[in-house]
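Below is one structure, written out as structure tokens; comments come after it.
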Amino acid sequence: MFYNDMQGLLRVLIIGVLGYVALVFWLRVSGKRTLSKWNVFDFVVTIALGSILASVIISKSVPLAEGILAFIVLIGLQYAITWFSVRSSKFAALVKANPTLLLSNGEYCDSALKSQRVTKSEIRAAVRGAGIIAIEEVAAVVLETDGSFSVMPHNNSGSKTALSDVV
């Protein structure tokens, strides 16, 4: 009722541990960027890695070597995408989203809110999270490429801002 035989349980235990170790090893080899804040490609790779690990552990028809090769292929592709993105602005523009300005000088950018499917209450929550009480004290709220909000208070120093690449 709970299991077919001890051999199946032992296989799941051994392959599960080996698959997990292999995945952690290849993620460590690939560097910190593989696990940095997610964009759409990171999300897809993460889901695929989980699916491969589950298939290797549960399915007798997927050998461990094939699962490890699948890990290497996905992590290698992820590494290649980030490598090319850093070296080519055209490639980066093709695969990465741009940050979007949602609030500017205390005024909501309604068209950007609609296109990005963000509510004003989400903006207010981000502002509160940044420790700011008055919306008017905010120079900008930006929806970053990883889906997080950046809240910037007014810049009184007269120096350059971090908004040069924001759409």
Side-chain angles (χ1 to χ4, degrees), residues 1-102 112-131 140-152 162-163 165-167:
M1 180 173 177
F2 292 109
Y3 63 94
N4 291 334
D5 58 14
M6 285 303 290
Q7 184 179 4
L9 292 176
L10 188 59
R11 181 194 175 282
V12 168
L13 178 65
I14 292 170
I15 297 300
V17 169
L18 293 175
Y20 178 80
V21 168
L23 178 58
V24 169
F25 171 79
W26 285 109
L27 288 173
R28 291 287 293 150
V29 166
S30 67
K32 294 176 185 174
R33 287 289 307 217
T34 305
L35 296 175
S36 65
K37 290 188 175 184
W38 291 1
N39 60 37
V40 69
F41 294 101
D42 300 326
F43 181 73
V44 168
V45 168
T46 302
I47 299 299
L49 289 172
S51 178
I52 291 167
L53 183 58
S55 295
V56 167
I57 292 171
I58 301 299
S59 177
K60 292 179 183 176
S61 65
V62 180
L64 179 60
E66 289 178 11
I68 291 172
L69 180 60
F71 292 156
I72 293 168
V73 168
L74 284 175
I75 292 169
L77 288 170
Q78 185 68 5
Y79 183 87
I81 287 171
T82 56
W83 190 89
F84 282 114
S85 293
V86 169
R87 287 158 180 77
S88 167
S89 58
K90 289 181 181 179
F91 186 81
L94 181 67
V95 298
K96 301 235 179 183
N98 290 319
T100 304
L101 185 65
L102 300 175
L113 290 171
K114 285 180 185 174
S115 70
Q116 298 301 316
R117 299 179 320 278
V118 176
T119 64
K120 290 179 181 178
S121 64
E122 289 174 299
I123 300 298
R124 289 190 298 272
V127 170
R128 289 190 304 271
V141 174
V142 176
L143 178 61
E144 300 293 351
T145 59
D146 64 1
S148 64
F149 296 107
S150 292
V151 179
M152 290 155 278
L163 297 174
D165 63 342
V166 177
V167 178

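The shortest non-hydrogen separation linking Gly19 to Phe71 is O-CE1, 3.5 Å. Residues Ile57 and Gly16 come closest through the heavy atom pair CG1-CA, 3.4 Å. Val141 and Val127 make their closest contact through CG2-CG2, 4.0 Å (heavy atoms, listed as atom of the first residue, atom of the second, distance). Across all non-hydrogen atoms, the minimal contact from Val56 to Leu64 is CG1-CD1, 3.8 Å. Closest of all the heavy-atom pairs between Ala126 and Val151 is O-CG2, 3.5 Å.
Residue pairs satisfying the side chain to side chain donor-acceptor pair (under 3.5 Å) criterion with at least one member in residues 53-66, sequence neighbours excluded, are listed as follows: Ser59-Ser61.
Here the side chains of Ile68 and Leu18 are not in contact, with every heavy-atom distance at 4.5 Å or above.
Put simply, the residue from Val118, Ile123, Leu101, Leu113 that forms a side chain to side chain contact (heavy atoms under 4.5 Å, CB included) with Leu143 is Val118.
Within a 6.0 Å radius of CZ in Arg87, more than 12 heavy atoms belonging to other residues, nucleotides or ligands are found. Heavy atoms of other residues, nucleotides or ligands lying less than 6.0 angstrom from CZ of Phe84 number 12 at most.
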Could you check Thr100 against Asn98 for side chain to side chain contact (heavy atoms under 4.5 Å, CB included), going step by step and ending with a plain yes or no?
CA-CA 6 Å; Thr100 304; Asn98 290 319; 5.6 Å; no

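Within the model, atoms CG of Leu102 and CD of Glu144 stand 9.5 Å from one another, a figure rounded to the nearest 0.5 Å. For the atom pair CD1 (Ile52) and CG (Leu23), the distance works out to 9.0 Å, reported to the nearest 0.5 Å.
For the pair Arg11 (side chain) and Met6 (backbone), a donor-acceptor distance under 3.5 Å is absent. Within the 3.5 Å criterion, the main-chain N or O of Ser85 finds no donor-acceptor partner in the side chain of Ser88.
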